[in-house]
J.: 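Shown below is the structure under consideration.
Everything quoted here is computed from the prediction, not taken from an experiment. Numbers here are sequence positions counted from 1.
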Amino acid sequence: MKKEFQAITIYLLSALFIVILGASTATAETYRLKIQSGYPRGDLSMELLKVFSDSAKKRSNGQVIIQVYAAPEIVEGGSAAVYEAVQRGTLDMAHQAGIFASGFAPIGDVEFGLPFAFEVKKGSTFIDSMGEIRDFYYKSGLVDLIRKEYAKNDLYWLDMHSYGYLYIYSRKNVTECSQIKNLKIASWGLQQIFHKKIAQAAVEISPEEMYMALKLGTVDAALYDVSAISGLHWDEVAPYWLESLGGDMIFGHIVVGQKQWNKLPKDIQEIINAAAKDYWDATVVEYDKMMRETQSQKLKRVTLDDACANSIKETGKTTWDDAAKADAASAKAVEIIRSWKR
């Protein structure tokens, strides 16, 4: 009798253990996601995606595993190809900027940053300005508007990140306004429209091909952030910083395939949202640090006279009207920014 009781007890305990083990296994499902940046290795925002991946893993106790790729490891970067790969399911997420999405979501040009829309105010710091601009994006309704436009293309706009200041890197030392008219500038989206108004030509070249394009003289100048110095070494072939043609703050995003996003449980979605905010914080801090450490050491700063600089700025602001003409959502986004700046 005693032996039968022990056998039954052992059997019940084993069954209970199996039930508990099964329950814990069920609650510990692993979610594996793939993200590719539109930028090559060496780009600061791309390298910082490790913060996003690590944060998601830590916050989920290992349930969320995000594999990070750079362009062109799965698909070409600096183009719509990254988004198309998400829509097909080849990737789960894309890391890039709205100027590369403007072909199917024109609001991406506004989202990236209208020319001369976001500048650090006098007496403020870069980090403080970033906080103020993020609050504006989220509280003004701009993010809601952006999300609606991406959703039309089966993409969930997850969050934004900072690229610091916009730089124009040049092979030539441009000291007069008249010299700008002879430049061939590599840029994208609305910035390309702006550059076509002030320069000889504006063309598209993928970031991973830009070093050689500058070295060979295919283009005279190119738009990018401080990563062009810190990781991509464009300063070796384009050492002049044309400050008057840029200087405003620019932004990127992470988007997730809508179908992939909808399949995730709410708690996992919240974890990924929190990890994306951690990524934003990291880009703000690291871009601020990198700009202070490298721009004065590795670039020859070129500042044009006030009349020329003001003329360039006024021309840049005419592109706001160009952006507003793209579609109704873009027009509303431009008006939100104009109202905020009044």
J.: Is D306 salt-bridged to K313, going by a charged N under 4.0 Å from an acidic O?
T.: no
J.: Would you say the side-chain atoms of N262 and Y156 include a donor-acceptor pair closer than 3.5 Å?
T.: no
J.: Q192 and S187: side-chain donor and acceptor closer than 3.5 Å?
T.: no
J.: Mark yes when over 12 heavy atoms from residues, nucleotides or ligands other than K58 sit less than 6.0 Å from its NZ; otherwise mark no.
T.: no
J.: Would you kindly say whether S206 and E209 are connected by a side-chain donor-acceptor distance under 3.5 Å?
T.: yes
J.: So which pairs with a foot in residues 35-101 pass disulfide bond (SG atoms under 2.5 Å apart), sequence neighbours left out?
T.: none
J.: Taking all non-hydrogen atoms of both residues into account, name the closest pair between L91 and V82 and its distance.
T.: CD1-O, 4.0 Å
J.: Between Y224 and Y163, is the ring centre distance below 6.0 Å?
T.: no
J.: Quiz question: by atom type and distance under 3.5 Å, do the side chains of E111 and H253 form a donor-acceptor pair?
T.: yes
J.: Are there more than 12 heavy atoms of other residues, nucleotides or ligands under 6.0 Å from atom NZ of K197?
T.: yes
J.: With a 3.5 Å cut-off and no angle check, do the side chains of Q269 and N273 form a donor-acceptor pair?
T.: no
J.: Compare all side-chain heavy atoms of Y83 with those of F104 and state whether any distance is below 4.5 angstrom.
T.: yes
J.: Taking ring-ring contact (aromatic ring centres under 6.0 Å, His included) as the definition, give me every residue that meets it alongside F126, ordered by chain and number, with sequence neighbours left out.
T.: Y165
J.: Decide whether T319 and D322 meet the rule of one side-chain donor and one side-chain acceptor closer than 3.5 Å.
T.: no
J.: Assess whether a salt bridge exists between K152 and E149, defined as any Lys/Arg side-chain N lying under 4.0 Å from an Asp/Glu carboxylate O.
T.: yes
J.: Do Y169 and D235 have side-chain N/O donor and acceptor atoms under 3.5 Å apart?
T.: no
J.: For residues Y31 and D92, is any side-chain donor paired with an opposing acceptor at under 3.5 Å?
T.: no
J.: In plain terms, say whether R59 and E270 are close enough for a salt bridge, that is, a side-chain N and a carboxylate O under 4.0 Å apart.
T.: no
J.: With a 4.5 Å limit on heavy-atom distance, are the side chains of F100 and F112 in contact?
T.: no
J.: Whether the side chain of D43 engages the backbone of S45 through a donor-acceptor N/O pair (distance < 3.5 Å, no angle test) should be reported.
T.: yes
J.: Please determine if K215 and E236 form a salt bridge, counting it only when a charged side-chain N lies under 4.0 Å from a carboxylate O.
T.: no
J.: Determine whether the aromatic ring centres of residues F116 and F194 are separated by less than 6.0 angstrom.
T.: yes
J.: Whether the T318 and E314 side chains hold a donor-acceptor pair (N or O, under 3.5 Å, no angle test) is what I'd like checked.
T.: no
J.: Just to verify, what does N182 make a side-chain contact (heavy atoms from CB on, under 4.5 Å) with, not counting sequence neighbours?
T.: none
J.: Using a cut-off of 6.0 Å, state whether more than 12 heavy atoms not belonging to K341 lie near its atom NZ.
T.: yes
J.: For H95 and Y279, which I'm curious about, is there any donor-acceptor pair between the side chains at under 3.5 Å?
T.: yes
J.: Rounded to the nearest 0.5 Å, what separation is found between the CD1 atom of I185 and the CD1 atom of I168?
T.: 6.0 Å
